Every structure is written in structure tokens, then in C-alpha cells.
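Note that these values count all heavy atoms, side chains included, but never hydrogens, waters or copies made by symmetry. In this text the structure is predicted, and so the values were computed from the model without any measurement. Throughout, protein chains are lettered first and strands after them, A, B, ... in sequence-line order, and every chain is numbered starting at 1.
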Amino acid sequence: MKLTIERAALLKALGHVQAVVERRNTIPILSNVLINANGQHMRLTATDLDTEIVEEAPAHVERAGIVTAPAHTLYEIARKLPEGADVTLQMAGDDPRLQLSAGRSRFNLPALPAGDFPVMPTEDLATSFSLPAASFARLIDKTRFAISTEETRYYLNGIHLHAAERDGRKTLRAVATDGHRLALAETDLPSGAEGMPAVIVPRKPIQELRRLLEDVDDDIRVQVSEGKIRFELGAAVLTSKLIDGTFPDYERVIPRGNDKIMKVDRAPFAQAVDRVATISQEKSRSIKLTVSDSTLVLAVNNPESGTASEELHADYASDEIVIGFNARYLLDVAAQIAGDEAMFEFADSGSPTRVTDSGDPDAEYVLMPLRV
Amino acid sequence: MSGYCRTCFEPAHPPRCGACGSRKVFAHDELDRLSIAHIDCDAFYASIEKRDDPSLANQPVIIGGGKRGVVATACYVARLHGVRSAMPMFKALKACPDAVVIRPRMAVYTAEGKRIRQMMEDVTPAVEPLSIDEAFLDLTGTQRLHGSPPSVTLMKLAARIKAEVGVTVSVGLSYNKFLAKTASELDKPDGFSVIGQAEAADFLRPRPVGSVFGVGPAFAATLNRDGLKTLGDVIARGEEALVRRHGPSGARLWRLAQGIDNRPVARDGERKSVSAETTFFDDVAAHDELERRLWPLCVRVADRMKAQGIAGRVVTLKLKTESFKSLTRRRTLSQPAQLADTLFRTGRELLRAEAKGPRYRLIGIGFSDLEPASGDARDLLDPDGPKRAAAERAMDKARARFGPSAVIKGRSLKDH
């Protein structure tokens, strides 16, 4: 194999695929990236056995060939090479090492045979649809903070992606919850997605996907089956296994009938929460909200580190309510509000509260109160 | 060389105290400079039983559970027959068939342990308890206060415990915790021993690796396989090689082997975990039966958690197979909990994966990563949770009023 590629192209492709490679691997070849030189390009493949990213980059291929080499090392080298350098990768003679040269730099890296590299079996992904990269990025951003890390309920360790219907309108909906908060975001259902299976996309590919979406402006193509999902984003293709489980019936826990409604300005609210939370207890980070006639008082009372309170203007006309929340959860939700105003719909101090966004009617959040 | 009489505390030199004539005289070059001590009660539970029933004085006494329990404490007479703590009872009785087996009276031991702890705290605020009958004491800077060097203060403390509680203790005095603990084991019972800076290295070198606290049989076996039998071997191997092979425990061992131990005596009264376990009369393999045995343990743990107003974030299930292999399975909860219901539900999940054939002789469960309780967890996806919590709280109230068996869950009964 021998190919020459521009440093920037190599760096971009490696940057995209190497992130999926685990830092520590018990199976040596999983630390490697598969390099396939053929025709006018090189194709890079990296995997952790659950998620695979493939990306093609234009290259001048002198001798076609296929080999694997340490992904993180290659990436580090590419990063440190001077801008504009031409990088040559080759396997020569009986040398089992991959030779990398650029300008006066020479590297010999341990290579492993491509035949041992685990490639995800291709299978028929029956449903296929396209949507703007920005729409999908939004679905991720608005929900991923609520993904659970609790291993017991593995079916919560991802985003539940499915076709749904709201007031007669068909949507593609993303939901995540950890039992303490729930986040839901939706967008018009792309054509072709009508019959898609309801799936749970695990946290890791979600993170990789979100990174890849940064570099894409056009539409992305999504293919999905019961067991796998594939995203085509520009030159990159990410394929991932799905969580084999049933997402709970989340609709049941979204309180859409709560009638005590508070509207607050998002930015001052988030800043005030952040300020008073400074002294809340590390673990529970409980913060008390007292809402009455046009005022919201945020208070923290911590036996060890003191007390804090702050008063804010709020649009509120119901009976006074006192309710506690985890400060972190309030901040997470506030960070997702796109509009100027956040709307809190309370029932009582022990029941779930629904939060909506004046700037994004297609997103909603549910927070479970803490005891205060 | 300084020396003192352990009976009248006057300066003295072996073989006899010039003041009172006692032979219990202790002298050592560094005696006035050392201030870190380890105090360990001698055969604590057994000593208490012998104190309360003088007819047992010269008999072998074993404190522990019934036929299937283990030895909690063996008195020194029983130890002569080879009985050791943590030995299964049937083995102990084989070694010493005449032993008087006494069921532990934990309440009594705890109360006496507290009295002893208080006496320690009268001497220094820096007391780090290791268990009910064992603690580290840092007496640095107490000389002016007590008008005597730490060694004499400790001798007086040992005498006071013997006079007021009626049990003997063994004292180890050195310049760090590791050596103090090592020292306290050198002269037991009713002992006093010292490891000074000058002799520490020579003293440690020939000792087996297994003598280091924290090196269990498995680690010791690995070390032996690697050709490391004594602490001298460990030092010779070098820190780098040990770390490469054993990670942080390698580094720790290398330091301890040279008598280096910089851990302060931490006044740490806080509990790290709350747990309960039971050994079965007959080994159990069946999942349902294990689950049934698990529930009362959960209630016991939860009762203690509630009494102390604490909640735990980590649930640990412990099982011991019929071949004495212990296994633990842990799970971190998303919110700290104290309820028996939560503990049982989590423990049951962990148990499910293990109750697949092997026969177990012991099951245990507990909470750790503790913090002050702040109400029961509420979970969007478990709408029945608050109902179950309320039911448990109501049962607690009934039990508090009418006794522990006033209300029990159906699952505690064999035929449900």
C-alpha cells in the first residue's frame, strides 16, 4: 500500500473516526484504525464493537492496500505535522510496520493485519429518511442532558427516537429521562420515517454523532432497523448498535394538566439559580422555590455552608406554592430554553412539574421535585 | 535509655521496678519520643464473658453463632487449641470439643467498647477507632497536659481499662500507625511493646509479606509466586517493579515494608457502611429461598439507617459459596436511599444474576456511601414508589409502638 494525502484531509478524517476508539483496550486491534487505500481515496474505519465510524478522504493512491495502525498515535502525529504538509503512508517490502513520512519526519508504526479488524456486518436497515443536520443536532441538544447513567435501568442510557404524533401532526421525537427529569424534543416527521421502529440510541454514539454534526451543513441520512442505526453525515458514516430494551411509557408521566403556571425570564432565572446554588449541598443540591403573587424566591438553606436567597419577578397568579428542585436540573433545563421565557407548570410540591420554552413549542421538560 | 514501671508508672529499669518491685518494667531508647499508639483489647468478647462469669476463667470460651456460624472471638485458652477468629464453628469445635460456646451479646460489648473509647478520648482527642475494641491514638503534644510522656500515659490508660472495665489490652507504640499496629501484636495479651525508628528497618525485613495489614491470603500468594516472601524481598524488588505489577497496592506495600506510613490518626467517627448478613443452617441454592432470606436483612439494615437518619447511595450484596468463596456485587443508586424496600429491590436484582445454581452458605446486604437522609427518592418512572415508601413508614410506626414483629411483610413468611 502506498498513498499520499494532504495533512488537513487526513487530520479531519482521523479526528472524526478516532474519537470512537477507546483509550484502553483489551483487544489490541480495537486501538487501531483500518486504512483502506483504493482508487482516489483512503477510507478510515474505527470501532468499539458497538459503534463504528467510517470516513473517506481524497488521496493519491499509488498502490492500493489495506492495513490497520494505532488510531490515537496516528491522530497525534497528524495533529503535530505542519500545515499544508503532504503525508505519505506506506507498507514496504516485508516490513510489518506502517511507514508515515511528511517533509523530514519519518515514523514507523506497528501495524496489525486488516483481516483481524472487526467490521460491523452490513445488514438491511429498512427505514431510511433524511433531515437537516441542524434539526437533528437540536433533538440531541435538547434531550441528551437527561440521559441516565444508572446501569440498573440500561434502557434509559440513551435517547429514545421514534415517530410520534402531537395534535394530529406527525413528528420525529427524541426523549431522554433518568427518572428525575425528562426531556422531549420533536421535529416534523421526515418523509420515509413513518414506519420507523421506536429505538434507543446509546449515549456514546449520540456524543460522537453530535461532534460529527458540527462539520455538516446539509441534510443527513438516517437508516434504522430494530437493532442498528446508521447516519450518513457528509463523508462520514456512523453505524451503531441500539439498546435492546423497552423505553418506559413516558407520556404517562408528563403532567399536561398542571394549572399553577409561572413564567420567568430565562436568563435572570438561570443566573439566580446558579448564584444561590453556590452554597447548596454537594450531593443533593436542593434549592427551594417559593412562588406567590408575581414573585419567585429562590432559597438554599445548608446547615454547613449557610443560607442564600434571591427574589425574582415572575408572572404568577395562583395560590402560593413551595417546591424544591435539584439546582443542577434547573440549570440544565434553563440552558435548553431558546426563548426569553420559561414556563413552569406546577401541580403541588410533591408532583412532577412541566417546563416549556416560549421560543420552542416543540420541546418540553419534566422535573421531579425534591423534598424541602 | 528510658524505662518505666507498668504497675506504679515510676521511672524504672529491668528487671525490677525499684519503687514497687514489679517485674512489669518496660525500657526502650526511644520511649520518650514515640507518640502514635495502637490499642487492641485482648479477646474482647471472650474477656467480657469471663469477667461476667468467673467460672469460665480457665475454660476455653468461644464467642460465635450456632452450628453454622463463625468464631467471633476465641479466648486465649481456646486459642491454645488452635481456635482462631473467623474460623467456622464446626472447625473450631473439632479443634476444641470442650469449648464453651457463647452467643454474642453485642449490646453488652458495644456498651463496654464505648466506655473504653471514652477512656481513650480522655487521654487524647485524636482517637481513630478501627472497630469496637481497637483504635489508633495520637498522643503527640500531650506530655504537658498529662505530666508524663505518651508511653506512661498509655500504661496508665491500660491499667485504668483493666481496673474499670475488667479486660486487658495490648498497646503498641511507635512513630506511625502501621508500626504501632504491628507492635501491638508482638506482646499479647496485656502487653506493651515498642518499635523505634532505629530498629524498624531491621525488624521489618525478615517479616512475611502476609503480616502487613491489608495483604490478605490472595495477595500474599501472588507475592510469594513472584518470589516475594519477606518484606526484605519487597524492598529489594524496588518500587517501580511493584507498581508495574500491582498498581497502588504495590506502592503501598513498598512504603510499608520500609516502615514508611504517613497516614495521620484520623478522628473518624463516621460510619462508612451499614450492613447485615446471615449464615444458613443448610446451604441454599434456590433463588426464592435466598430472596426470602434477604428481606429480613434489608429490614435490619433499614432500621439502623432510619435510627441514625442516614441514607446510602451504594447497595452491596454479599454471598459466600459452600466452598467459602466470597463474592460481592454492588450497584450505585441514582439517589441515596434508606428504605428496606429500595434495598431489597436492588439486592434482588443483584441476586438474580448470582442465584443460578451455586449453593451459598451466607448472604449479606448493606448500604454504603452514606450521607444524611433527606427524604425518600421520588422517581418519575416509579409512580408506586411513594406508596411503598409510605407503607414502609407506616409499618415502622406500628413496629415502634407494638414491637418489631407487630407488622411483618408477607414475604418474610415461608408459605406465602
Taking atom [atom1] of [X] as the centre, does the number of heavy atoms from other residues, nucleotides or ligands within less than 6.0 Å exceed 12?
X        : atom1 : value
A/Asp244 : CG    : no
B/Glu240 : CD    : no
B/Arg359 : CZ    : yes
A/Glu320 : CD    : yes

| field | Non-hydrogen atoms of A/Val253 and B/Leu380 that approach each other most closely | value |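 Between these two residues, the closest heavy atoms are CG1-O, 3.0 Å.
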
| query | Where do B/Thr332 and A/Glu150 come nearest, in terms of heavy atoms and distance? | reply |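 Shortest heavy-atom contact: O-CG, 4.4 Å.
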
| Between CD of B/Gln335 and CG of A/Asp178, what distance do you get to the nearest 0.5 Å? |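 Rounded to the nearest 0.5 Å, the CD-CG separation comes out at 8.5 Å.
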
Under 4.5 Å from a heavy atom of chain B, the part of [X] involved:
X        : value
A/Arg181 : backbone
A/Ser148 : neither
A/Leu156 : side chain

| message | So B/Asp379 and A/Arg153, do their side chains get closer than 4.5 Å, heavy atoms only? | response |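 Touching, per the 4.5 Å side-chain cut-off.
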
